Amino acid sequence: MACKLREFVQRVRACKTAAEEREVIAKESAAIRTAFKDDNPKRHRNLLKLMFMHMLGYPTHFGQMECVKLIAGNSFPEKKIGYLGFMLLLDEKQELLMLVTNSIKNDFNNANQFIVGVALCAFANLCSAEMASDLAAEVSKLLQHSNPYVRKKAALCCVKIVRKVPDFGESLLRPAITLLSDKHHGVLISAIKLCIVLCQTNSTLLEQMRKETSNLVEILKNLLTSEYRAEYDCSGISDPLLQIEILRLLRLLGKADADSSDIMSDVLAQVMTNTDARKVPGSAILYECVQTVVHIEATKGLRVLAINVLGHFLSNNDNNIRYVALNMLVKIVALDLQAIQRHRSIVMECLKDADLSIKKRALDLVYALATEDNVKALTKELLEFLMNSSRDLKQDLTMKICSVIQKFASSKLWYIQNMIHLISEAGEFVKSDSLYMLIVIISNTPKLHGYTVRLLYNMVGKWKNQESFALIAIWCIGEYGEMLVNHAGELEIEDPMTITEHEVLDTLEDIAAKSKESINIRVFLLVALLKLSSRYDTCTERIKDMIENYKHSSTLEVQQRAVEFSAIILKYSSIRKVLADRIPALNETVYESKRADGAVAALGPTVRVASPPLFSENHITAPTICTKLSSTDSVNLLDLSIDKEASGQTLDGFSMLQDLLNMDTRSSSKSSPYTGISDIDKNFTEDSKEHPSTSFGNEQFLEMYSAQGPMFPSIVALQTNRLKVLFNFSKPTNNPEITMIHATYLNCSSDLCTDLMLQAAVPKFLLLKLDPASGNILLPNANGTITQCLTVTNTLHGQKPLMMRIRVTCKVNGQEIVEQAQVENFPSGV
Amino acid sequence: MTIRFVLLVNKQGQTRLAQYYEYLTIEERRALEGEIVRKCLSRSDSQCSFIEHRNHKVVYRRYASLFFLVGVDGDENELAILEFIHCLVETMDRYFGNVCELDIMFHLEKAHFILEEMVMNGCVVEINKSNILTPIQLMDKNS
């Protein structure tokens with residue numbers, strides 16, 4: 001037997017476990033089903049229980065038919081429950097809706113305003129497109145009903161109708177405008193809602209609605225100035241929701257329309273100056289008003305006033321208000337950077353808020369506020385803030401700081417200083433390509449080598465267990481270690497300091513001791529020690545001993561290096577100096593093109609940001625473009641192998657050195673620095689899965705190490721006012737006949753180039769292989785590059801120099817462009 | 001600029017009133033309520049009253065043991081929704097006399113009627129308390 005609602009609720013509440021609750025519900029559902037079958041008169045009571053079950057998330061479909069029956073009945077309380085059940089238990093997609101359409105239609109014509117009201121309410125909440133078409137005429141008739149209770153609900157039903165069937169919009173425009181002169185606030189709110197929807201669906205209706213701008217302004221003005229009316233008062237502000245709705249409609253009307261913007265600007269200024277922001281309703285109105293001002297064609301003064309309102313919000317005690325202000329400022333930052341800039345200090349204060357969501361928004365805003373002028377102060381503040389920030393914000397913060405530094409760096413000194421500080425503080429969150437860029441910049445700035453290495457040395461003392469910082473410091477100490485002791489390139493800003501070679505080694509030992517578990521640091525350390533062994537003449541013995549220590553390392557990686565390096569120190573001291581020489585400056589153009597970047601990288605895979613095509617031999621040689629191979633391919637190939645043997649016989653010191661290096665570079669996939677590095681890279685990729693671009697970090701790090709072969713200056717192979725082609729060269733160390741040419745294409749014009757293709761011709765004694773290019777679309781204004789690798793084998797190496805004729809074809813604005821050039825200025829020795 | 005749902009939840013995270021203005025299947029509702037309620041309950045008083053969840057923005061306010069949660073779309077005025085919640089609570093207070101969890105459970109339909117007068121089709125239509133309560137009180141008198 002089914003029980004009363006109160007009993008049922010109590011029984012459910014008494015359940016201790018979910019299983020118990022399910023049991024009670026199942027029992028009651030069964031009872032209700034039987035009751036429905038028996039046509040029990042307590043139908044509406046059972047329906048209430050079903051609503052309760054539905055709220056708890058249990059199936060109640062068997063009650064739907066009962067709702068329909070109740071709606072069709074005559075008793076008002078039952079009808080009311082029927083409609084309520086109908087709204088809760090059914091949805092727009094069910095066919096049952098068809099069954100009630102007629103009952104609703106009848107109820108619309110009922111003399112009782114409450115019956116009409118409840119029918120309208122149900123219609124507004126659950127109305128399918130079909131129902132909307134069927135009943136639109138009835139509903140719009142009700143817009144002129146004598147009772148405001150019915151009018152306001154009918155207006156909201158029209159909102160639904162227009163959303164479902166936009167074609168009805170035109171016929172509803174007149175009635176909607178008429179409703180705007182209604183005195184009842186509920187009707188006004190609904191009418192304005194309807195106007196908003198009409199404006200949104202149809203631009204011609206928007207045009208017509210613009211004529212009502214002054215009318216709306218009048219209504220708003222009355223709200224602001226009219227005498228106190230208790231019934232619509234919210235903490236001293238008259239009907240905030242109505243004011244908000246009017247402001248919303250004004251926003252639509254004033255958008256991109258100077259005339260109506262002009263009409264409303266006075267009242268907007270009035271709202272902003274007169275509304276009391278101390279209470280929530282007042283702030284809500286101000287917030288809406290600011291949104292309206294920034295969207296319409298407002299005067300500069302009005303905008304500044306609006307932004308100042310948000311500025312005041314930021315210093316409000318209520319963090320909800322701070323939240324909306326930050327949210328809004330982030331959205332409009334592009335609109336008036338200058339005006340928002342004035343509130344920067346207070347935004348910085350918000351970074352210290354206890355609420356994480358406020359902090360995050362403040363950070364977004366600070367980031368958006370960064371410009372070339374304020375970047376120095378801003379970065380300083382952010383770095384200070386980073387030291388005390390909680391871990392959950394650190395990652396985001398670090399990436400933002402990193403991006404600011406890279407974007408606005410005005411001098412290399414500043415860039416290096418700040419990047420180093422950032423990495424020492426939160427290196428774990430700095431992406432590997434940013435680390436790589438730092439290294440590139442350092443290696444390309446000989447003037448700052450000394451300063452950088454001394455700065456790193458000083459900071460290593462306060463090392464905060466950031467692996468990437470240790471790696472960079474060790475790398476620099478290895479490369480520029482002698483500058484620590486000889487004061488080379490000292491800057492005015494530095495305090496001169498005297499460091500002995502032994503102190504440097506102490507420091508290195510110290511790091512190694514502190515980072516027992518990191519293989520990467522060990523590996524970097526060994527390389528640094530090898531390099532230092534040729535720079536610190538007084539410490540050769542000590543370095544040797546330090547390296548020896550690692551010969552017993554349980555890590556293969558470390559052990560292998562220790563053995564190899566101590567062999568170099570012991571047995572090959574004649575070549576050690578050459579071996580441990582400083583690596584040549586890394587390719588900065590690659591970095592520059594990357595810097596120009598981010599947005600370009602996001603454009604898609606066709607525009608790959610240049611990365612050194614290090615693994616070109618692994619590229620699948622897709623059908624390459626016209627290579628003028630000599631007709632005697634096989635003969636030349638034979639030639640080549642003979643030469644190879646010949647050169648193999650004349651082993652001198654130099655080629656031995658090359659062999660050593662060769663071992664070092666070629667075995668990269670299995671051993672040596674690279675596995676370590678790819679580990680770092682893996683770590684970073686895991687840290688920042690959302691940044692697919694990190695994958696080139698690895699190649700770049702690799703290049704850093706393998707660039708130890710002979711270096712050649714790069715040349716401009718082709719330069720027109722449209723295109724620029726750069727050639728960089730590298731040579732595999734074991735075969736002087738082969739030259740790898742890394743071509744980089746840049747588009748200097750302001751038009752997009754598509755279908756870019758290179759054709760190259762060489763004389764017979766040369767063999768040419770073209771690898772596929774990294775893309776075929778070049779963005780204008782040198783934004784992004786395409787790279788391509790060309791492999792040339794000179795069968796007459798040493799007798800004849802390289803020469804080549806190239807032709808680049810591309811399409812600009814649909815027209816084919818051909819550029820040609822003869823390339824003869826190859827650097828000597830290639 | 002519409003309200004997507006209104007939820008009343010107790011401190012234990014049990015739903016006490018749910019009204020959706022957008023169709024979701026019952027499984028989706030359960031999942032959504034579970035996630036949002038967990039997020040809300042774990043927040044401290046010092047945090048702001050807005051959370052973002054999937055594509056919803058939820059404005060919530062706590063009154064004694066009851067949480068009032070309102071899901072809105074992205075461009076809704078959050079502060080206005082806070083005011084609406086406050087108004088809803090005041091109206092319920094006036095009707096039930098200091099509303100508590102049990103009032104709403106035992107008079108589920110009344111709570112719904114109040115909400116129905118205030119929100120239709122996701123739009124706030126009335127915030128005047130006597131306008132809201134007159135039809136309901138009339139009905140009580142007659143039955």
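Letters go in sequence order (proteins before strands), and every chain restarts at 1. Every value quoted in this text rests on a predicted model; they were computed, and no experiment measured them.
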> Do you know which of A:L326, A:V324, A:D355 makes side-chain contact (heavy atoms from CB on, under 4.5 Å) with B:C48?
A:D355
> Rounded at 0.5 Å granularity, tell me how far CD in B:Q47 sits from CG in A:N319.
8.5 Å
> Which region of A:V118, side chain (C-beta onward) or backbone (N, CA, C, O), has a non-hydrogen atom less than 4.5 Å from a non-hydrogen atom of chain B, or is it both or neither?
side chain
> As an exercise, state the distance from SG of B:C123 to CG of A:L241, rounded to the nearest 0.5 Å.
11.5 Å
> Quick check on the structure: residues of residues 75-83 of chain A within a heavy-atom distance below 4.5 Å of chain B, by number.
A:F76, A:K80, A:I81
> Between A:F114 and chain B, with a heavy-atom cut-off of 4.5 Å, which part of the residue counts as in contact: side chain, backbone, both or neither?
side chain
> Heavy atoms under 4.5 Å from chain A: which residues of residues 95-111 of chain B carry them?
B:E101, B:L102, B:M105, B:F106, B:H107, B:L108, B:E109
> Among residues 5-17 of chain B, which residues come closer than 4.5 Å to chain A, judged by heavy atom distances?
B:T15, B:R16, B:L17
> Checking B:M120 against chain A: side chain, backbone, both or neither under 4.5 Å from a heavy atom?
both
> Non-hydrogen atoms of chain B under 4.5 Å away: do they reach the side chain of A:S190, the backbone, both or neither?
side chain
> Suppose we screen for side-chain hydrogen bond (donor to acceptor under 3.5 Å, both in side chains). Which residues come up paired with B:E117, at least two apart in sequence or across chains?
A:Y149, A:K153
> If you round to the nearest 0.5 Å, how far is CG of B:D75 from CZ of A:R251?
7.5 Å
> Would B:E116 and A:M87 count as a side chain to side chain contact (heavy atoms under 4.5 Å, CB included) here? Give the steps.
CA-CA 10 Å; B:E116 207 170 83; A:M87 282 186 271; 3.0 Å; yes
> Heavy-atom cut-off 4.5 Å, strictly under: side chain, backbone, both or neither for A:I244 against chain B?
side chain
> Between A:N320 and B:E78, is any pair of side-chain heavy atoms under 4.5 Å apart?
no
> Any side-chain heavy atom of A:H185 sitting closer than 4.5 Å to one from B:N131?
no
> Minimum heavy-atom separation for B:R30 and A:G57, please, with both atom names.
NH1-O, 3.3 Å
> Using a cut-off of under 4.5 Å on heavy-atom pairs, state which of B:E27, B:E33, B:E52, B:E90 scores highest against chain A.
B:E52
> Go through the atoms of A:R13 and report whether side chain, backbone, both or neither lie under 4.5 Å from a heavy atom of chain B.
side chain
> Using modelled atom types only, decide if a donor and an acceptor are shared between the side chain of B:N121 and the backbone of A:N125 within a distance under 3.5 Å.
no
> What closest approach, in Å, do A:Y287 and B:N77 show between heavy atoms, and which atom pair accounts for it?
CD2-OD1, 3.2 Å
> Measure the CG-SG distance between B:L115 and A:C121 for me, rounded to the nearest 0.5 Å.
9.0 Å
> Is A:I189 in contact with chain B via its backbone, its side chain, both, or neither, using a 4.5 Å heavy-atom distance?
side chain
> Does any heavy atom of chain A fall under 4.5 Å from the side chain of B:F113, the backbone, both, or neither of them?
side chain
> For chain B, which candidate among A:L84, A:L48, A:V9 shows the most heavy-atom pairs at distances under 4.5 Å?
A:L84
> By a 4.5 Å heavy-atom criterion (distance strictly below it), what part of A:N327 contacts chain B: side chain, backbone, both, or neither?
side chain
> Just how far is it from atom CG of B:L79 to atom NZ of A:K279, taken to the nearest 0.5 Å?
14.5 Å
> Can you confirm whether A:N317 is buried at CG, in the sense that more than 12 heavy atoms of other residues, nucleotides or ligands lie under 6.0 Å from that atom?
no
> Could you pull out the closest heavy-atom pair between A:L88 and B:Q19, with the gap in Å?
CD2-OE1, 3.4 Å
> Go through the atoms of B:E22 and report whether side chain, backbone, both or neither lie under 4.5 Å from a heavy atom of chain A.
neither
